[in-house]
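The structure under discussion appears below in the form of C-alpha cells.
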Protein chains: 2
Amino acid sequence: MSASRTARERARAELIREIKAAARRQLAEVGAAGLSLRAVARELGMVSSAVYRYFPSRDDLLTALIIEAFDDVGAAVERADAACPREDLIGRWLACCRAIRDWALAHPHEYALIHGTPVPGYAAPEETVVPASRDGRVLAGILRDAEAAGVLAPPAGLPPAPASFAEDAARLREQVFPPVSDDVILRALIAWTWVYGAVSFELFGMYRNVITDRAAAFEHGALCLARMVGLPLPDDA
Amino acid sequence: MSASRTARERARAELIREIKAAARRQLAEVGAAGLSLRAVARELGMVSSAVYRYFPSRDDLLTALIIEAFDDVGAAVERADAACPREDLIGRWLACCRAIRDWALAHPHEYALIHGTPVPGYAAPEETVVPASRDGRVLAGILRDAEAAGVLAPPAGLPPAPASFAEDAARLREQVFPPVSDDVILRALIAWTWVYGAVSFELFGMYRNVITDRAAAFEHGALCLARMVGLPLPDDA
DNA sequence: CTATGTCAAGAGCATTGCTCTCGTTTGTGG
DNA sequence: CCACAAACGAGAGCAATGCTCTTGACATAG
C-alpha cells in the first residue's frame, strides 16, 4: 500500500526528495546557518510558499537533513565494518573510526549540523534518536564479536564504573551491547565519545598549530581507546 | 598611555564594554544564531547603525564574544586548579575537568559558540588562538608538576606516538608541556580532546537515553584518561 | 575660533521566515 | 459521470534581519 499510490502522492514524495536534495546541496555550500528555504525554492523553480506545503518550517527541513546525515554516516560505518574480515577486530574498529572521520571531512557542514551547535534554540527532536545510534550499534557489534571470540581483555588499573551507571548498563546490554561488564560498556561509550570529540576538534580548528598529521594522531588515539575498551592490539608493544 | 586618554576614547571603551555585555546577555538567552545586532542596539537605547561604529559586522561581535568565552572558561579552569593542594595531582586534574564541564553547563550557549558549529561560513580568526589554549596550559602544568615529582607513570601496552608527531611534540614541549615523551604529550592531547568531546555530547543531547548520571560518568572518564596519560590514581584498583 | 574627524540617527536596500488569500488541479464518493 | 473537498502553486504581504549611506550635531586638536 505504500508503493505508488495516487499520482499525487508519488509526485509529493518525489518533490520532497528533490527539496531535500537541493537543501543538501545548499547545506554543503553555505552551511546550516545559511540554508535558506527561499533559495531552495528558487533552485527548484518554485515559489517559497510552495515549499511550506512539504516542510512546515525551516527547522523541519533541517531536522530531515539531520536524520539523513545520521543515516549517511551510519551507513558509511556499516560499510567500513563490513569490508573487513570478521576476525580482524582491531582492523574493524579502526575502519569504523576512520569512516566517521572521513565522512566528516568530506561533509563538514553536515557533520557540523549533527554534532555542532543545535540550530537556534531548538532541541533535537525524538525522531533523530534512532538514526543517531547506527554507528554505535556497529561499534558495539565489534565488542560483541570480541566477547564471543573470548579475546576481550580490558586492562586493569582503571577505576570501576560508578554504581549509578548500572541501570544504564543493563539497558544498553539488552539493546545493543554484548553481555560484558559495566566497565567495558562505559569504556566503550568513552571511546565513542572520544572519536567524535577528536573529529569535532579537527573540523572546528582546535588542532591548529597543535597537531599537524591529524590522520596519524587520530589513528593513534583510536588505537589507544580501543585498547582501553579491551580490544587486543595487533602485535607490537 | 593606555589608561584614560581623551574623554572620547574612554567613552568608546565603555560603550564597547556595554555592547559586549548586552550581547552576552542576549547570547545566553537566544543563542548565537539568534543574536541580533539590532536587538543589542535596542537594549542599549541606540540605533542599529551606531553599533556598527564599534563592531564592523555581526561576526566581529561574535568573535569578541568567542574570545571572552575562551577567556572565561580558561579563568575558571585556572581557579579550579589553584584551589587544590599542589601535590594532589589527580585532584587538580579532576577539578579542572569538572570546571570545564560546570562552566559549559552554566553557559551552554557560550560553550556552543566556541565548541559548536563555527557560525555561517567563517573560520575562527587567528586572535582566538591564544585564549583558546589557556585551559590546555593549566592541564599541561599538572603534567609538569607530576613529572617534576617523578610520579608520572604512563602505562605500557599502548602503541607509540606516530613519527609524524615528533615535530609537533617538540614545539609543544617548548611552549607548554614539560619535558616528557612524545607519547605522554599525545596522550594528554587525547585526554584533552575527550574532555571536550564528553561535554559536547552531554550538552548536545547525545547521551539522551544512554547515560543518566552524567556527572559520575564524566568523572569516571576523566579518571580513566588521566590514568592513560600517566597520572597516578588515588589508591584503589 | 575654526576645521577635522567622530558620533548617533534615520532612511533605505536586499534578504529572510512565515502567513494568508487566491484560482487551479487532482482525487474521490455519490 | 460529476460535483465536492482536499491538496496545490503562485503571489502579495508582514515583521524582522544585516548592512550601507547620508545628514546633522558635537567635541577635540591646531
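Basis for what follows: all heavy atoms, side chains included, without hydrogens, waters or symmetry-related copies. Labels below follow one simple rule: chain letters A, B, ... track the order of the sequence lines, proteins then strands, and each chain is numbered from 1. In this text the structure is predicted, and so the values were computed from the model without any measurement.
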Report yes if a side-chain nitrogen or oxygen of Tyr52(A) is closer than 4.0 Å to either non-bridging phosphate oxygen (OP1 or OP2) of dG9(D); otherwise report no.
->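 Answer no for this pair, as no side-chain N or O of Tyr52(A) is under 4.0 Å from OP1 or OP2.
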Output yes when at least one side-chain N/O atom of Arg12(A) is less than 4.0 Å from OP1 or OP2 of dC8(D), else no.
->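 Yes, because at least one side-chain N or O of Arg12(A) sits under 4.0 Å from OP1 or OP2 of dC8(D).
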Above 12 or not: heavy atoms from other molecules or residues under 6.0 Å from CD of Glu174(A)?
->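 12 or below, so no.
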Gap between atoms [atom1] and [atom2], on [X] and [N] respectively (whole Å):
X        : N       : atom1 : atom2 : answer
Leu15(A) : dA7(D)  : CG    : P     : 16 Å
Ile19(B) : dG18(D) : CD1   : C1'   : 15 Å
Ile16(A) : dA7(D)  : CD1   : P     : 13 Å
Arg10(B) : dT6(C)  : CZ    : P     : 18 Å
Leu61(B) : dT17(D) : CG    : P     : 14 Å
Arg58(B) : dT20(D) : CZ    : P     : 14 Å
Asp59(A) : dG17(C) : CG    : C1'   : 10 Å

Which salt bridge (charged side-chain N to carboxylate O under 4.0 Å, His left out) pairs, counting each pair once, include a residue from [range], with sequence neighbours left out?
range                       : result
residues 184-199 of chain B : none
residues 20-35 of chain B   : Lys20(B)-Glu68(B), Arg24(B)-Glu68(B), Arg24(B)-Asp72(B), Arg24(B)-Glu110(B), Arg25(B)-Glu43(B)
residues 209-219 of chain B : Arg98(B)-Glu219(B)

What string of B, S and - do you get for nucleotides 20-30 of chain C, 5' to 3', when a contact is any protein heavy atom under 4.0 Å?
-> B----BBSS--
Within residues 36-47 of chain B, residues whose heavy atoms come under 4.0 Å of DNA chain D =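 Output list: Ser36(B), Leu37(B), Arg38(B), Arg42(B).
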Among side-chain atoms of Asp60(A) and Ser57(A), is any donor-acceptor pair under 3.5 angstrom?
->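 Distance-only check passes for Asp60(A) and Ser57(A).
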For [X], which contact category applies under a 4.0 Å heavy-atom criterion: base, sugar-phosphate, or nothing?
X        : answer
Ser48(B) : base
Leu35(A) : sugar-phosphate
Phe55(A) : nothing

Keeping the roles fixed (side chain from Ser133(B), backbone from Gly136(B)), state whether a donor-acceptor pair exists under 3.5 Å.
->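 Not at all, since once roles are kept as given, no pair shorter than 3.5 Å links the two residues.
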Is there a donor-acceptor pair under 3.5 Å between the side chain of Trp93(B) and the backbone N or O of Ala222(B)?
->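 The answer is yes, because a donor-acceptor pair under 3.5 Å joins these two groups.
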Fit a plane to each ring of Trp192(A) and Tyr196(A), take the angle between them on a 0 to 90° scale, and name the class: parallel (under 30°), tilted (30 to 60°) or perpendicular (over 60°).
->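 Judged by the thresholds at 30° and 60°, the geometry between Trp192(A) and Tyr196(A) is perpendicular.
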By salt bridge (Lys or Arg N to Asp or Glu O under 4.0 Å), which residues pair with Arg12(A), not counting sequence neighbours?
->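 Testing Arg12(A) for salt bridge (Lys or Arg N to Asp or Glu O under 4.0 Å), a comparison that skips the adjacent residues, returns none.
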